[in-house]
Amino acid sequence: MARRIVVVGGGAAGIGAAGAAKAADPTASIQVFTEFEDVGYSPCGIPYVHGKEIPSFDSLLLQGKEYYAKAGFDIHYQTAVDKIDPGNKRIVLDDGEKVPYDRLVLATGFTYADPDVPGLELGSKGGLYFVKNIRRAMEWDKYLDTVKQAVVQEASPLGLEMTTALPHRGIETHLVDPHPWALAEVADPDIMQPVQDSWEEAGVKMHFNTKVEAYLGENGKVRAVKTSEGEIPAQLVVICTHKRPNAQLAQEAGIAIGSTGGIVVDERMATSTEGVWAAGDCVELPHGVSSVPIQGLSGSHAYAQGKVAGTNAAGGRRRYQPVFVPWGMVAGKWMIGGVSFGETLATALGIPFVVGVATGISRARYYPEMKQVRVKLLADPRTLRLIGAQMVGGEGIKERADFLGMAVRKGITLEDLATMENVYSPPIGALNEPIAIAAQNGLAELGRT
Amino acid sequence: VSSPSQWLRRNSERFLLEAAQADMARRYLGQMPEPPEGGIVPAFWRRIFVPVYRRIPWAIRRRLILAMPGSHRRPWRGLGTFGSVAPPSSEWTAPLQATEGRHEQGGS
């Protein structure tokens, strides 16, 4: 009898798991359950459609429903799972139907942290927008044409994207965040300053060190946001609070949950319960430098984890690895990015570090559209091994973040980076690589030139 | 429902980040941190937990952090072998602190 593999969740991790399970065991029966109308789309692309960089939501969908059906996936759309029952190896749907499985993969994703302020009952019909579902995003996109003023609540990665996107629609945009600068839980203030300057140029009103205290409504629609610094008129509030692991089904089934609230997994993405794997935003993973478990990573992490979980659920052997978290994004007119720790996070955790900083250029100084690139490297003061980096620049941030992610993983030192070879070609690379200059400056700081 | 480890992590993360952000704001933005909200519980975390945490040598601090339940306690190849922050003992915490001081003077 064919192995029955059930996947709960149809995002990057769920579809990655289903595809990998089918590849590892083509005879397996693969069932995917999702509460949404679609699977396998890119929710990360939604802010760019709202900002008109991408003309249509259609391009965010990877494949149509027919593709998955033809590929042999039995996908149950708009079907919520009410309970998982590992003892009897079955899941229970919200209509009470029981679905048996041999192997289960949980890819239940995230939920936004509850803003926990009065007025939340206004809901989506009242102008409170949680960006997640592509169908709802299509409806919101039409609503955006009617909005004059909007508040983006919290300068999280999504908050940065929406703060960048909304002014493109001619919307007066207010960013309200309780921290002293944008993305302050991840990025350092010197990295974010150019971004904030560019938002100011675009007309964004920034309200840092400011808390949202209530959503104020009139006739069922939001009319303003009450903050610790006063009222801001708004017809739209984009709520970009923390992404929390959606691990409730697992928790209720007695599967181990970690200190982040995410499902505990090992390198095979196996949970504490036999026959159950998990992947994506619902799990926590150990950080490669600190070993501290973390959650809420990127879609590429989720997809890769899903492939590991799906392969192993289908009887294969595949491992994931501790994460070093290279990241990058466009914010305002700039690209920002990094890997592992910045100074803020390393200081909070109390990891010893030294810093090397440099501002270089992305192309030959005389070549058109040359951009500045600021690189900050963090290294262990004893071994000089790289433990983190942050960058802001006009181009080439993603590639540097990917490279530095691997550099941290492989134990590359400031000395290695200070003497690295680099591509020099006027249209694509300057004589001096900013990473190398930052490393040289870090060594000089230590008197080790 | 939050477990004790989730409660501890949520609060320690919040107040350690708040303290680190205040340090960064002073260093890079020339700003004094905003006056924090009052109350006995936040005062405990700010005035007792954060200063005590910062005084504990990193090696001990790290052991305490890793004693919490989580994915890091399950098999992961290569985990805990990252040399720079997985010290074999606390012997090297003193030179590290000296270097930290040098970094702070340098103002990065």
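Just so we're on the same page: letters track the sequence lines, and every chain starts at 1.
- Between Arg61(B) atom CZ and Ile351(A) atom CD1 the span is 9.0 Å, to the nearest 0.5 Å.
- Note that the OG1 atom of Thr347(A) and the CZ atom of Arg54(B) stand 7.5 Å from one another [nearest 0.5 Å].
- To the nearest 0.5 Å, atom OG of residue Ser291(A) and atom CG of residue Leu79(B) are 4.0 Å apart.
- For the atom pair His72(B) NE2 and Ser290(A) OG, the distance stands at 9.5 Å (nearest 0.5 Å).
- Residues satisfying the side-chain hydrogen bond (donor to acceptor under 3.5 Å, both in side chains) test with Asp114(A), not counting sequence neighbours, are none.
- The CD1 atom of Ile257(A) sits 7.5 Å away from the CD atom of Gln6(B) when rounded to the nearest 0.5 Å.
- At a threshold of 4.0 Å, the pair Glu343(A)-Arg27(B) counts as salt-bridged, since one of the basic side-chain nitrogens sits closer than that to a carboxylate oxygen.
- Contact of Gln248(A) with chain B is not made at all, since no heavy-atom distance falls under 4.5 Å.
- Annotation: side chain of Val292(A) is not in contact with side chain of Arg62(B) (no heavy-atom distance under 4.5 Å).
- Residues Tyr53(B) and Ala348(A) come closest through the heavy atom pair CE2-O, 3.7 Å.
- The side-chain contact (heavy atoms from CB on, under 4.5 Å) with Ser71(B) is formed by just one residue from the set Thr271(A), Val264(A), Leu285(A); it is Val264(A).
- Within the 4.5 angstrom heavy-atom criterion, atoms from both the backbone and the side chain of Ile294(A) approach chain B.
- By the 4.5 Å heavy-atom criterion applied to side chains, Glu185(A) and Gln21(B) are counted as neighbours.
- Around the CD atom of Glu252(A), the shell of radius 6.0 Å holds more than 12 heavy atoms that belong to other residues, nucleotides or ligands.
- Taking every heavy atom of both residues into account, Lys376(A) and Tyr28(B) meet most closely at NZ-OH, 3.6 Å.
- For Pro180(A) against Ala25(B), the heavy-atom pair with the smallest separation is CB-CB, 4.5 Å.
- Side-chain contact between Ile65(B) and Leu349(A): present, with at least one pair of heavy atoms (C-beta onward) separated by less than 4.5 Å.
- Contacts between Pro69(B) and chain A at a heavy-atom distance below 4.5 Å involve the backbone alone (N, CA, C, O).
- Contact record, Gly350(A) with Trp58(B): O-CE3, 3.4 Å, taken as the closest heavy-atom pair.
- At a 4.5 Å heavy-atom cutoff, Leu384(A) makes no contact with chain B through either its backbone or its side chain.
- Looking at Ala184(A), both its backbone and its side chain come within 4.5 Å of chain B, counting heavy atoms on both sides.
- Interatomic distance, CG of Leu29(B) versus CD of Gln196(A), reported as 8.0 Å (0.5 Å rounding).
- The parts of Met24(B) that come within reach of chain A are both its backbone and its side chain, each placing non-hydrogen atoms under 4.5 angstrom from that chain.
- Side-chain atoms of Arg77(B) and Gln321(A), non-hydrogen and from C-beta on, never get closer than 4.5 Å to each other.
- Within residues 7-18 of chain B, the residues that have a heavy atom under 4.5 Å from a heavy atom of chain A are Arg9(B), Leu16(B), Leu17(B), listed by number.
- Here the side chain of Arg74(B) pairs no donor or acceptor atom with the backbone of Met269(A) at under 3.5 angstrom.
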